[in-house]
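The next block holds one structure in the form of C-alpha cells; read it before the comments.
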Amino acid sequence: MQELQAINLTEFECLALNSPLNLADGHARQALTASQARIIDDLPNLFAKAAARAPEEVELDACRAYLGLLGQHSHPVGESRVFACYSSSVAMEIFARALAQKGDAVALIHPTFDNIPDILRGVGLNLLPLEEDVLHGGDLPRALLDAVSCVFVTTPNNPTGRVVTEERLRALAAQCAEHDVVLTLDTSFRGFDTRAHFDHYRVLEDSGCRWVVIEDTGKLWPTLELKIGWLVTSAEPGLPVAKVYSDILLGASPLVLALVQRFAEDAADGGLPDLHRFIAGNRVLVRRSLAGLPDVDFPDPGSRASVERVRLGRRSSLEVWSALREHNVYMLPCQKFHWADPSEGDHMLRVALARPAASLDEATRALRLVLSSR
Ligand SMILES: Cc1ncc(COP(=O)(O)O)c(C=O)c1O
C-alpha cells in the first residue's frame with residue numbers, strides 16, 4: 001500500500017491502459033457515433049485537404065469551430081494569442097514556464113487533477129491551496145491575492161464537476177485585476193457542461209485583468225489521443241508565453257486540427273447534446289448499480305463532467321482499488337486530487353463515464369461485489 005501512496009494519478013491510469021475495464025483515465029473511450037465514424041472513414045481526404053491549405057487557415061478554422069461550439073464567441077482567434085499545442089498538459093507546461101519567469105506563487109484550486117500542481121511545482125512555483133468552497137463562496141481573501149502572482153482555477157473541475165458561474169468569474173476577474181494577479185482557467189472539461197458555455201472571453205476581456213485560458217479538445221471525443229490543447233492569453237499577459245511556446249513547438253498537426261474542426265461541426269449538428277445524454281445515462285447506470293450499499297454515496301450530485309466520484313464510507317480507496325484489480329477492473333483512488341492533503345481522498349474513487357455502457361455495467365458490478373464484502 002505504501003508504494004501505491006507514492007504514485008501519481010497518471011501512473012494509476014497507465015496501470016489501467018491495457019485492461020478492457022479501464023475506468024481510470026478521463027480520456028474519451030466510448031465508441032464513435034455513426035457520424036463520427038464517417039469522419040474517420042474520410043481521413044485520407046481530410047489529410048489531403050489539410051496538406052493543401054496554409055497551416056494558419058486550418059488552425060483558425062479549427063479553433064473557431066471548437067470555441068464557437070462551446071459558446072466562447074469573444075475568443076481572440078486570429079490575434080496571435082491563441083497557441084495550439086499537442087495536448088493541454090503541453091499548454092500547461094508552456095504556461096508554467098512563462099509564469100515561473102515572472103512570479104513565484106500560485107493560488108491553485110483544491111482538489112484538482114494532480115498533473116496541474118505537479119507541472120507548476122516542476123518549474124519551481126510555490127502553491128497555496130484555494131479550496132473549492134472558498135472559490136465559490138464569495139470574494140477571495142485579500143491576503144491570498146497579495147501572496148500570489150496567479151490564481152489557477154479548473155472549471156468544470158476534475159474530479160468534482162463544479163463550475164464557476166458567470167457571476168463568480170466576473171467577481172474573480174475583478175479581484176485579479178485589482179491585485180494585478182494573472183487569472184488562469186483550465187477548461188478541459190467544459191464541453192460536458194452547458195453551464196460552462198457562457199462566453200468566458202467576454203467576461204475576461206471586460207474585466208481588464210491579465211488572463212490565460214487552457215482549452216482542451218481531448219476529453220470529449222474518442223479520437224485515440226488526437227487532440228489539441230489551446231493556450232489563449234489576454235492581449236498583455238505580462239508573461240513570455242509566445243517566446244516559451246516557440247522554445248517548445250512550431251505548431252500542432254494540421255491533420256489533427258482539421259479532425260477537431262470536423263468533430264466540432266458534427267457536435268454542433270446534434271452530436272453534443274447526444275454526448276451529454278450518453279454521459280448522463282452512464283452516470284445513472286453507476287449510481288443505480290451501487291444503490292443501497294451501506295455508506296456508499298456520490299458527493300457530486302450536480303456534476304455533468306465525464307467522471308463520477310464514489311464515496312466509500314470507511315473503506316480505503318487503495319484497498320478497494322487493489323481488490324478491483326483482481327477482477328481486472330481499474331478506477332482511480334482520489335488521494336492525489338487532494339494535492340495539499342491527500343488523506344482527504346482516502347475513502348473516494350473516481351469512475352470514468354466516457355466508456356461504452358456495457359463496460360461500465362460490468363465494472364460497477366465488480367465494484368458492487370467488492371464493496372459488499374467489505
Ligand atoms: C483538468 C485537466 N487538465 C488537463 C489534463 C491533461 O490532459 P492531457 O493528458 O490530455 O494533456 C487533465 C487530464 O486528465 C485534466 O483533468
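Ligands are counted one by one from 1 in listed order, and the atoms in each one are counted from 1 as well. Since this is a predicted model, take the numbers as computed values, not measurements.
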Item to check | Test ring-ring contact (aromatic ring centres under 6.0 Å, His included) applied to Phe278 and His276, step by step | outcome: CA-CA 5 Å; Phe278 173 77; His276 292 165; over 10 Å; no

Below 4.0 angstrom from a heavy atom of [X], which ligand 1 atoms are there? Numbered from 1 as shown, please.
{"X": "Ser88", "result": "4 (C), 5 (C), 6 (C), 7 (O), 8 (P), 11 (O)"}
{"X": "Asp186", "result": "1 (C), 2 (C), 3 (N), 4 (C)"}
{"X": "His27", "result": "9 (O)"}
{"X": "Ser87", "result": "11 (O)"}
{"X": "Thr154", "result": "1 (C)"}
{"X": "Lys227", "result": "8 (P), 10 (O)"}

Next on the checklist: Test salt bridge (charged side-chain N to carboxylate O under 4.0 Å, His left out) on Arg202 and Asp206; report intermediate values, then the result.
Outcome noted: CA-CA 6 Å; Arg202 178 78 277 134; Asp206 286 350; 3.2 Å; yes

Item to check | Nitrogen or oxygen of Asn158 less than 3.5 angstrom from that of ligand 1 | outcome: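 Between Asn158 and ligand 1 (N or O atoms, distance only) the closest approach is under 3.5 Å.
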
Next on the checklist: For the 3.5 Å polar cut-off, considering only N or O atoms, please tell me whether Asn115 and ligand 1 meet it.
Outcome noted: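 It does not: no N or O of Asn115 is found under 3.5 Å from an N or O of ligand 1.
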
Checklist entry - What protein heavy atom is closest to atom 14 (O) of ligand 1, reported as residue, atom name and distance in Å? => result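 That would be Lys219 CE, 3.4 Å.
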
Checklist entry - Which residue holds the protein heavy atom closest to atom 11 (O) of ligand 1, what is that atom called, and what is the gap in Å? => result Ser89 OG, 2.6 Å

Next on the checklist: For Glu132 and His110, which I'm curious about, is there any donor-acceptor pair between the side chains at under 3.5 Å?
Outcome noted: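 Short answer, no.
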
Next on the checklist: I'd like to know if the side chain of His200 pairs up with that of Arg190 as donor and acceptor (distance under 3.5 Å, no hydrogens or angles considered).
Outcome noted: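 Per modelled atom types, His200 and Arg190 side chains form a pair under 3.5 Å.
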
Checklist entry - So Glu166 and Arg168, salt bridge (charged side-chain N to carboxylate O under 4.0 Å, His left out) or not? Walk me through it. => result CA-CA 6 Å; Glu166 183 165 358; Arg168 275 302 303 134; over 6 Å; no

Checklist entry - Does ligand 1 have an atom that lies less than 4.0 angstrom from a heavy atom of Met92? => result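 The answer is no: ligand 1 sits nowhere under 4.0 Å from a heavy atom of Met92.
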
Next on the checklist: Can you tell me how far apart OG (Ser88) and CZ (Phe113) are? Round to the nearest 0.5 Å.
Outcome noted: 9.0 Å

Checklist entry - With distance as the sole test, does Gln101 use its side chain to make a donor-acceptor pair with the main-chain N or O of Ala98 at under 3.5 Å? => result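 Pair absent, no side-chain N/O of Gln101 close to backbone of Ala98.
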
Checklist entry - Out of Ile109, Asp186, Asp300, Val163, which one pairs with Asn157 under the side chain to side chain contact (heavy atoms under 4.5 Å, CB included) rule? => result Ile109

